[in-house]
Amino acid sequence: MPSAPTESALVVRPNGPLKGSVPISGAKNSVLKLMAAALLAPGTHTVHNVPDITDVAVMSQLLDHMGVVVRREGSTLTLIVGEELIAEAPYELVAKMRASIAVLGPLLARCGTASVAMPGGDDFGPRPIDMHLRGLELLGAEFTSSRGIIEGRCDGLLGANIVLEFPSVGATENLLMAAVRAKGETTIDNAAREPEIVDLAAFLSQMGAQVTGAGSSTISVEGTERLSPAEFTVMPDRIEAATFLAATGVAGGEVTLTGARPDHLDLLCQKFGDMGIKTSPDPDGLWVFMNERLHSVDVSTLPYPGIATDFKPLIVAMLTVGDDVGIVTENLFTGRFRYIDELIRMGADIRTEGHHAVVRGVDRLSGAPVRAHDIRAGAALVVAALGAEGETTIVGAEHLDRGYERFVDKLVALGADIERVSV
Ligand code: UD1
């Protein structure tokens with residue numbers, strides 16, 4: 001696994017169209033929740049197609065702190081979950097990764113108590129967990145909080161009807177993981193429909209849970225007293241796939257995303273089609289072709305099956321060299337616009353107003369020293385740099401390690417001129 005992050009930079013020089021095949025790794029946003037779900041059943045779980053990224057290393061450390069033995073062999077992770085757990089997620093680890101909050105539901109369900117530090121995470125505005133807590137309260141948990149730590153306890157969980165105020169991915173996952181061990185039936189209405197939720201439900205079913213409706217906005221669960229360890233293969237990362245789509249959109253070329261699931265990328269491929277990028281499902285995954293200037297389009301982020309908020313920085317980067325004006329509207333997170341100042345340093349013409357960004361395409365960006373403040377912003381700056389004139393140096397490359405496996409190697413294999421340097 002990658003060692004502790006230190007500051008480093010990516011140096012990118014334009015090098016013409018991309019060509020070849022790139023393997024899409026297992027999905028970060030799925031595997032982290034599967035690892036948390038393993039807490040629900042003692043025994044040895046086996047998870048295949050696990051990306052070698054720092055967020056997986058942080059989740060491994062967190063589980064290790066709880067007494068779980070985590071081993072990696074190639075892309076397979078073995079998780080040995082004992083009968084006794086330390087039901088505690090300390091600040092040092094939770095602060096590194098917001099997804100750590102996913103252990104709250106499983107710990108309550110397994111141990112009847114959980115002490116979890118409030119999450120930190122990416123740099124895009126406040127990200128409360130009120131929906132997680134309210135739903136768990138409906139299942140019978142009680143919470144107190146002091147000094148940044150949430151203490152939860154319950155005397156067994158009881159099934160309930162829960163209606164979410166918003167289809168939150170994290171809240172749906174936490175509630176689903178708690179409900180599988182609650183007594184009786186639970187329904188989660190206005191549930192998130194993301195493919196990662198379907199993956200989690202499939203893993204839980206493999207463990208013996210009874211879950212129906214995952215992928216729709218109503219999920220039903222019939223609680224089970226004892227679950228068994230499972231063996232599972234993580235779905236491909238649709239955000240990584242979108243990143244290579246965007247890279248091909250800017251650099252041009254012909255690329256096959258091997259292992260990608262075209263059905264997870266339907267609307268994005270439609271939108272990219274409007275921008276001039278050709279895509280087609282391929283026996284190996286998804287074929288991508290681009291040989292013209294990008295067309296400008298308007299885009300709004302929405303919960304799945306809408307355009308994901310994680311795709312937005314990539315789309316803004318693409319629109320900076322579009323042939324007209326595109327308006328991008330963020331409907332999920334208040335921040336997530338900081339990378340725009342960096343794109344402007346590269347010559348982009350972008351105006352932000354509230355949660356809108358108005359992007360006027362220019363002929364070409366010019367390389368500049370820039371900084372990545374989070375994982376998707378880092379990816380967007382690389383995408384922009386692939387088409388820019390001259391050299392771009394992107395400091396904060398370690399953010400990319402959180403979610404992209406061998407990102408530089410994969411781009412180099414497609415013909416990009418990119419290298420990693422220490423700063
Ligand atoms: C997950 C993904 C993230 C993605 C996001 C939306 C992981 C590790 N991360 O994040 O990459 O961008 O889904 O697709 O899987 N909210 C509340 N109260 C809550 C929970 C959420 O107000 O209790 C709000 C958030 O502030 C945000 C919106 O709901 O405005 C959506 O958040 P949510 O779907 O929960 O995102 P995450 O699960 O944190």
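Counting convention: from 1, in listed order, for ligands and their atoms alike. Residues take their numbers from the sequence shown, with the count starting at 1. Because the structure is predicted, anything quoted here is derived from the model rather than measured.
Residue-ligand proximity, Arg98 to ligand 1, at heavy-atom distances under 4.0 Å covers atoms 39 (O). Every atom of ligand 1 is numbered from 1 in the order shown, and the set under 4.0 Å from a heavy atom of Met131 is 16 (N), 17 (C), 18 (N), 19 (C), 20 (C), 21 (C), 22 (O), 23 (O). Listed by number with element, the atoms of ligand 1 under 4.0 angstrom from any heavy atom of Asp130 are 17 (C), 18 (N), 19 (C), 22 (O), 23 (O). Counting atoms of ligand 1 from 1 in the listed order, those under 4.0 Å from a heavy atom of Gly170 are 35 (O), 38 (O).
Where the criterion is an N or O separation shorter than 3.5 Å, residue side chain and backbone included, Val169 meets it with respect to ligand 1. Residue Lys33 has at least one N or O atom closer than 3.5 Å to an N or O atom of ligand 1. Between Ala99 and ligand 1, no pair of N/O atoms sits closer than 3.5 Å. Remark: ligand 1 and Pro167 share no N or O pair separated by less than 3.5 Å (distance only, no angle test).
Side-chain atoms of Glu405 and Ser25 form a donor-acceptor pair, as typed in the model, at a separation below 3.5 Å. Residues Thr301 and Glu330 have side chains that bring a donor and an acceptor to within less than 3.5 angstrom of each other. Side-chain contact annotation: Glu173 with His132, donor-acceptor N/O pair under 3.5 Å absent.
When each of Arg406, Lys28, Arg420 is checked for a salt bridge (charged side-chain N to carboxylate O under 4.0 Å, His left out) with Asp401, only Arg420 meets the rule.
With sequence neighbours left out, Ile307 forms a side chain to side chain contact (heavy atoms under 4.5 Å, CB included) with Leu267, Leu268, Lys271, Val299, Phe311, Ile315.
Residues Ala89 and Val103 approach most closely at CB-CG2, 4.1 Å, considering heavy atoms.
Proximity of Pro128 to ligand 1 is established by a heavy-atom distance of less than 4.0 Å.
Ring planes of Phe289 and Trp287: parallel class, angle under 30° (limits at 30 and 60°).
At a heavy-atom distance under 4.0 Å, only side-chain atoms of Thr309, from C-beta outward, approach ligand 1. Residue Glu173 does not touch ligand 1, judged by heavy-atom distances below 4.0 Å.
At a threshold of 4.0 Å, the pair Arg98-Asp55 does not count as salt-bridged, since none of the basic side-chain nitrogens sits closer than that to a carboxylate oxygen.
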